[in-house]
Undergrad: 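Sharing a structure with you now.
Quick note: residue numbers are just sequence positions, from 1. This one's a predicted model, so the numbers in the text were calculated from it and none came from an experiment.
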Amino acid sequence: MAIRSDEISQILKAKIASFEAPVVDAQEGIITSVGDGIARIYGLEKAMAGELLEFPGGTLGLALDLREDGVGAAIMGPYEHLQEGDAVRTTGKVAAVPVGDELVGRVVSAVGEPLDDRGPIETAQSLPVEHVAPGVIYRQRVNTPVQTGIKAIDAMIPIGRGQRELIIGDRQTGKTAIAIDTIINQKGTGVICIYVAIGQRSSTVAQVAATLQEYGALEHTIIVSATAAEPAALQFIAPYAGCAMGEYFMQKGGNALIVYDDLSKHAQAYRQLSLLLRRPPSREAYPGDVFYLHSRLLERAACMSDEEGGGTLTALPIIETQANDVSAYIPTNVISITDGQIYLENDLFNAGIRPAINVGISVSRVGGDAQTRAMKQVAGQLRLDMAQYRDLAAFAQFASDLDRATRAQLERGQRMTELLKQPQYEPIPLAKQVIAIFAGTQGFLDDVPIDRISEFERSLVRFIEQNKSEIEKDITEQKRITDETEKVLKAAIEDFKKGFAG
């Protein structure tokens, strides 16, 4: 049958005449496509960047992509019930989370909803998840240490309140263990801790919560959980939400410590959102603004000036590397943003050196200003000595005979390596660390068998605690070793060595 053009034109004219386009309000839009946690919406001319959008069924979304013909939004919740043609409304509010003392001791989602079956959380205040970092004139230099309780860190790579210290290494090298030990060690110091779990297994988050509960640290900690099962949008806002909770305490003049575990998965969640929103990909398929993603987050950590209340927010971001490659895109980005890094190495971990810190690459760019004088006195050259020992040990494998000075340096290095080993979940108070490191750097361990170093350390600390408790008390109060304390300490170690069966 022949196709008649006049019939086709009549049909098209009739369809056009009867077509009724919906009049879209400026505050309301219509879903044109939805899938993979992303909705494309026609309308919403007045939507703001980062504004919360209300979908049918009470589901919320985040306006991320503002275009001339509509909005691209990340859906923060289930989206199976949404379909083409559904109406979406703007809320006039940016994403915010509840903040306050009521959150301490709780496990919450990225939007502040309780996840621990302990009832609702009633807070009087909320803060936006995105907030401009405090300017330079509102800050002061880092001047107070964050005691991690880990000898190797407090002695060689100290962290100050208000600093951003990156913890970086391959998977299963002890990154989270360092962060958890630091949180446990803040017990009784008045520092509120926030642990943000991004893209982790639910069982891992539950294990962290149980560990903190067991060691009495959950009572000063907020856990923000955005597990791998959560939509990418929630994983994306989780660290900003945790940061807002920490900023509340900083603005009150208090001290907060936040752990982002980890920002590699955060970048991957953002990459997923960006690719689904059809933004142009850059290196490793990450969007072009992935640097800004982390810089605007980490810059919010600060040591505020006394005029601004003197509060601090210390950040410990964690980055997971692949095959020890610190030169990859995200690791180099975050290294350039932070004030130093603690680099954990697979080979050291497998050799039984735990925490497996590579002293040569690890550095703290501002923590030394905040390190207590007592620790500086005993560990001033320790980091350099340990780095030289590692290089020397690698070289000595190929040398048949070594001179006396080199042998002595290797012997000292082996003993200090053994001394700096530490079990998990056993943070050590400052005074006990100073006593142990003093014994090592002053040569008291040089004739102790290597396999008995840890026994010697434990016994020495116990001996001084029982017989010369004034030494520990003096170091704790004075934050330095006076000439008198040094004499008493040397005499006490010599007394102990006489009774120690070497």
Undergrad: Can you tell if the side chain of V259 reaches within under 4.5 Å of the side chain of C193, non-hydrogen atoms only?
TA: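 With C-beta onward as the side chain, the pair stays apart.
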Undergrad: Taking the side chain as C-beta and beyond, is there a heavy-atom pair between P355 and I150 under 4.5 Å?
TA: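 Answer yes - side chains close enough.
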Undergrad: What do the steps show when you test Q268 against Q235 for side-chain contact (heavy atoms from CB on, under 4.5 Å), and what is the final call?
TA: CA-CA 9 Å; Q268 287 162 16; Q235 294 181 43; over 6 Å; no
Undergrad: Considering only distance and modelled atom types, tabulate donor-acceptor pairs under 3.5 Å from the side chains of residues 326-333, sequence neighbours left out.
TA:
from : atom 1 : to   : atom 2 : distance (Å)
S327 : OG     : D325 : OD1    : 2.6
T332 : OG1    : A328 : O      : 2.7
T332 : OG1    : Y329 : O      : 2.9

Undergrad: Less than 4.0 angstrom from a charged side-chain N to a carboxylate O is my criterion; do D339 and R365 meet it?
TA: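 A salt bridge is absent here (no side-chain N lies under 4.0 Å from a carboxylate O).
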Undergrad: Any carboxylate oxygen within less than 4.0 angstrom of a Lys/Arg side-chain nitrogen, looking at E411 and R407?
TA: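 Looking at E411 and R407, the cut-off is not met.
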Undergrad: Please round to the nearest 0.5 Å and tell me the distance separating atom CG of L382 and atom CE of M416.
TA: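 If we round to the nearest 0.5 Å, L382:CG and M416:CE are 4.5 Å apart.
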Undergrad: State plainly whether the residues R164 and E299 are in salt-bridge range, i.e. N to O under 4.0 Å.
TA: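 Answer for the salt bridge query: yes.
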Undergrad: Show me the side-chain donor-acceptor pairs of residues 470-477 shorter than 3.5 Å, one per line, residues at least two apart or across chains.
TA:
from : atom 1 : to   : atom 2 : distance (Å)
E472 : OE2    : K432 : NZ     : 2.9
D474 : OD2    : T485 : OG1    : 2.3
T476 : OG1    : E472 : O      : 2.8

Undergrad: Just do the side-chain contact (heavy atoms from CB on, under 4.5 Å) check on D262 and K175 with the steps written out, would you?
TA: CA-CA 10 Å; D262 63 74; K175 301 185 297 298; 5.8 Å; no
Undergrad: At what distance, to the nearest 0.5 angstrom, does CG of L420 lie from CE of M156?
TA: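 Interatomic distance, L420 CG to M156 CE, rounded to 0.5 Å: 5.0 Å.
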Undergrad: Kindly compute the distance separating OG (S362) from CD1 (I342), expressed to the nearest 0.5 Å.
TA: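 Interatomic distance, S362 OG to I342 CD1, rounded to 0.5 Å: 7.0 Å.
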Undergrad: Any idea which heavy atoms bring G360 and A387 closest together, and the distance?
TA: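 Shortest heavy-atom contact: CA-CB, 4.4 Å.
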Undergrad: Quick one: are I223 and L218 in side-chain contact, heavy atoms under 4.5 Å?
TA: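 Sidechains of L218 and I223: in contact.
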Undergrad: Atom CG of L115 and atom CZ of R106: how far apart are they, to the nearest 0.5 Å?
TA: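 It comes to 9.5 Å.
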Undergrad: Under 4.5 Å between any side-chain heavy atoms of I493 and F438, yes or no?
TA: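 Yes. Closest side-chain heavy atoms under 4.5 Å.
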Undergrad: Would you please name every residue forming a ring-ring contact (aromatic ring centres under 6.0 Å, His included) with Y292, sequence neighbours left out?
TA: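 For Y292 there are no ring-ring contact (aromatic ring centres under 6.0 Å, His included) partners, ignoring immediate neighbours.
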Undergrad: If you look at every heavy atom in P317 and T338, which pair is closest and at what distance?
TA: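 So the two residues come closest at CG-CG2, 3.9 Å.
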Undergrad: Distance check, rounded to the nearest 0.5 Å: R412 atom CZ versus T441 atom OG1?
TA: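 If we round to the nearest 0.5 Å, R412:CZ and T441:OG1 are 7.5 Å apart.
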Undergrad: Less than 6.0 Å separating the ring centroids of F456 and F496?
TA: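 Centroid separation for F456 and F496: below 6.0 Å.
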Undergrad: Search all heavy atoms of A244 against all heavy atoms of V99 and return the closest pair with its distance.
TA: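 In this case the closest contact between A244 and V99 is O-CG1, 3.8 Å.
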Undergrad: Classify the ring geometry between H266 and H294 as parallel (under 30°), tilted (30 to 60°) or perpendicular (over 60°).
TA: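 If you compare the ring of H266 with that of H294, the planes turn out tilted.
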Undergrad: What verdict does the side-chain contact (heavy atoms from CB on, under 4.5 Å) test give for I435 and L489, after you've listed the backbone C-alpha separation in whole Å, the side-chain angles of each residue and the deciding distance to 0.1 Å?
TA: CA-CA 8 Å; I435 290 166; L489 181 54; 4.2 Å; yes
Undergrad: Check this for me: does any side-chain nitrogen of one of R462 and E465 sit under 4.0 Å from a carboxylate oxygen of the other?
TA: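 Salt bridge: no.
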Undergrad: Taking the side chain as everything from C-beta on, heavy atoms only, tell me whether D101 gets closer than 4.5 Å to K252.
TA: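 Yes - at least one pair of side-chain heavy atoms lies under 4.5 Å apart.
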Undergrad: Below 4.0 angstrom, N of the basic side chain to O of the carboxylate: do D369 and R141 qualify?
TA: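 Salt bridge between D369 and R141, a charged N being under 4.0 Å from a carboxylate O: yes.
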Undergrad: Between Y215 and Y425, what is the ring plane arrangement, given parallel below 30°, perpendicular above 60°, and tilted in between?
TA: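 Plane angle between 30° and 60°, so tilted.
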Undergrad: Do E457 and I428 have side chains that approach each other closer than 4.5 Å (heavy atoms only, starting at C-beta)?
TA: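 Yes, at least one pair of side-chain atoms sits under 4.5 Å.
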Undergrad: For atom CZ of R283, decide whether the heavy atoms of other residues, nucleotides or ligands shown that lie under 6.0 angstrom number more than 12.
TA: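 Yes, CZ of R283 has more than 12 neighbouring heavy atoms, counting only those of other groups under 6.0 Å.
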Undergrad: Does the pair T144 and T312 meet the rule for a side-chain contact (heavy atoms from CB on, under 4.5 Å), with working shown?
TA: CA-CA 10 Å; T144 310; T312 65; over 6 Å; no
Undergrad: Which atom pair, heavy atoms only, marks the closest approach of Q163 to S364?
TA: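 Distance-wise, the nearest heavy atoms are NE2-OG, 3.0 Å.
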Undergrad: Take atom NZ of K468 as the centre, draw a 6.0 Å sphere, and report whether it contains more than 12 heavy atoms from other residues, nucleotides or ligands.
TA: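 Not buried by this count: 12 neighbours or fewer within 6.0 Å.
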Undergrad: Mark yes when over 12 heavy atoms from residues, nucleotides or ligands other than E284 sit less than 6.0 Å from its CD; otherwise mark no.
TA: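 For E284, atom CD is crowded (more than 12 foreign heavy atoms under 6.0 Å).
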Undergrad: For a quick check under 3.5 Å, do T148 and N185 share a side-chain donor-acceptor pair by atom type?
TA: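 Looking only at side-chain atoms, N185 and T148 do not form any donor-acceptor pair under 3.5 Å.
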Undergrad: Do V191 and R161 have side chains that approach each other closer than 4.5 Å (heavy atoms only, starting at C-beta)?
TA: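 Side chain of V191 against side chain of R161, heavy atoms only: contact under 4.5 Å found.
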Undergrad: Please determine if K498 and E494 form a salt bridge, counting it only when a charged side-chain N lies under 4.0 Å from a carboxylate O.
TA: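 No, no charged N to carboxylate O under 4.0 Å.
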Undergrad: Whether the N346 and T173 side chains hold a donor-acceptor pair (N or O, under 3.5 Å, no angle test) is what I'd like checked.
TA: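 Absent: no donor and acceptor within the cut-off.
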Undergrad: Give, for atom CD1 of I481 and atom OG1 of T372, the distance between the pair rounded to the nearest 0.5 Å.
TA: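 Output value for this atom pair is 9.0 Å.
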Undergrad: So which atom in R300 and which in V129 form the shortest heavy-atom distance, rounded to 0.1 Å?
TA: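 Nearest heavy atoms, R300 then V129: NH1-O, 2.7 Å.
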Undergrad: Answer yes or no: is there a side-chain heavy-atom contact under 4.5 Å between L297 and C243?
TA: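 Sidechains of C243 and L297: in contact.
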